[in-house]
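See structure below.
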Number of protein chains: 2
Amino acid sequence: MAYRTSVIDRHGAHSWYRQLADQLRDCVEQGVYPPGGELPSEAELARQYGVGRDVVRSALALLRQEGLITSVRGTNAKVRAPVARREVTLGAGDELIGRMPSEPERIERLMEYGVPLLAIKRRSGAVELFPGDRVVITGPTP
Amino acid sequence: MAYRTSVIDRHGAHSWYRQLADQLRDCVEQGVYPPGGELPSEAELARQYGVGRDVVRSALALLRQEGLITSVRGTNAKVRAPVARREVTLGAGDELIGRMPSEPERIERLMEYGVPLLAIKRRSGAVELFPGDRVVITGPTP
DNA sequence: TACTATTTGTTCGTATGTATA
DNA sequence: GTATACATACGAACAAATAGT
C-alpha cells in the first residue's frame, strides 16, 4: 500500500488529532474500514500520517467517544458493528433524558465506551435505564 | 489545607487515573465541589494525589466524557451546573435513539463534551436532533 | 504447554502554543 | 506585561492482553 504522504495540515486552525479523527471517520463512513473490520495499528497509522502516537491515540479516543470504534488491549481497534435493539415504549406522562453513564454505571451494565444512557422515569415514579444504542424508544402505537 | 498524602492504590487492579476519577466524582456528588464551582488546577491535583499530570488529565477527560465537568483553557475545570431544559413530546409511532454526536455535529450544535444526541424520527419521516441534557422527552399527556 | 512478537494501555518527562487572570 | 492554566504534541518506558509459533 502506497504511503500517504500526509493529509494533515500542520499549520491549520485545527489540531492534528482532530484532523486525523475526521479522516478516519470518513474512511469508516465510506467503507474503507467496514463494520466489524479492523483499523491499522496505532504505530501503522502514525507512520501513514506522519504523526506521533499521541496524535493517533487522541484521534482514536475521539472516535471511541462517538461510539464509532472499540479497542481492546492487544488487538487493533475495530469498527463497531450495529447491535441488536429492542423496543421500549414511552407511555403517557413518562419522561426521558439522555446522559453519559459514569464509569461505575458503564462497567456495571457492561456498556461500551461512547454509548449514552437513556433514563426513563415512568409516571409511577419507577426509573429504568437503557443503553442508548440497544433500544428504540417509541411513542404509543396509534 | 492539609495535603492529601495519597489515596491512590499504587498496586491495585485499577489504573491510577480511574481511581482518581472515582475520587473526584465522589467529591462532586458529595458537594465538596458544588455545581458551578471550580476544581483545583491540574498541577494542584497532581500534587495532592501524588501523581503525574497525565493521570490528572486522563481523570478529568473521563469526567468530561460523563458530562460532569467542563474545562476552558486558562481556567480551572468547573463542575457543570444544571442546564435549562425544554419539553419535547414523543407522539404515537415516533421513534427515538440516543448516540454520541460526531465532532462536526457537536461543534455545529454548540454542544459541550459528554452530552449525547437524541434523534427523534417522527412518524412523518422527519428527523429532529436534540442535545440530551437540554430536553425532557415526554410521552403524550394523559 | 510454553514462548515470543505484536498491540494497546498507562505513566512520566519535556516542550510549545494560546487563552485567561 | 507577567504569571497561571489548559491544549497539543513529541519521546520514552514499561505493563498487560492478545495472537501466533
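Below, read A as the first sequence line, B as the second, and so on, with proteins coming before strands; counting in each chain starts at 1. No experiment lies behind these values; they were computed from the predicted model shown.
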#### Entry: With sequence neighbours excluded, residues passing salt bridge (Lys or Arg N to Asp or Glu O under 4.0 Å) with A/R109
none

### Task
Can you sort out which residues in residues 102-114 of chain B have a heavy atom within less than 4.0 Å of DNA chain C? Ascending by number, please.
none

### Task
Starting at atom CG of B/N76, determine the distance to atom C1' of C/dA19, rounded to an integer number of angstrom.
14 Å

### Query
Hey, which of these two, A/V51 or B/R64, hits DNA chain D nearer its 5' end, going by closest nucleotide?
B/R64

### Watson-Crick or G-U counterpart of D/dC14, or none if no pair lies under 3.5 Å
C/dG9

#### Entry: B/E42, nearest nucleotide to its side chain (from D/dC10, C/dT8, D/dA7)
D/dA7

### Query
Can you find a side chain N or O atom of B/R18 that sits less than 4.0 Å from OP1 or OP2 on C/dG9?
no

### Task
Measure from the side-chain N and O atoms of A/Q19 to the backbone N and O of A/H14, and report whether any donor-acceptor pair falls under 3.5 Å.
yes

### Out of D/dA5, C/dG9, D/dA9, whichever nucleotide has its closest atom nearest the side chain of A/R57
C/dG9

#### Entry: Which nucleotide in D/dC10, D/dA7, C/dT8 has an atom nearest any side-chain atom of A/W16
D/dC10

### Message
Given 3.5 Å as the limit, does a donor-acceptor pair link the side chain of A/R85 with the main chain of A/R134, or not?
### Response
no

### Query
Where is the tightest heavy-atom contact between B/G132 and B/V115, given as atom of each residue plus distance?
N-CG1, 3.7 Å

### Message
Any carboxylate oxygen within less than 4.0 angstrom of a Lys/Arg side-chain nitrogen, looking at A/R57 and A/D54?
### Response
no

### Charged N-O contact under 4.0 Å between B/R80 and B/E66
no

#### Entry: Distance, rounded to the nearest Å, where A/L45 contributes CG and D/dA9 contributes P
15 Å

### Message
So which atom in B/D94 and which in B/R122 form the shortest heavy-atom distance, rounded to 0.1 Å?
### Response
OD2-NH1, 2.8 Å

### Electrostatic pair A/R53-A/E42, nearest N-O below 4.0 angstrom
yes

### Shortest non-hydrogen separation from B/L117 to B/P131 and the atoms involved
CD1-N, 4.3 Å

### Message
C/dT10, OP1 or OP2 - any side-chain N/O from B/Y17 closer than 4.0 Å?
### Response
yes

Every protein N/O lying under 3.5 Å from an N/O of nucleotides 12-20 of chain D:
| from | atom 1 | to | atom 2 | distance (Å) |
| --- | --- | --- | --- | --- |
| D/dA16 | O4' | A/R73 | NH1 | 2.6 |

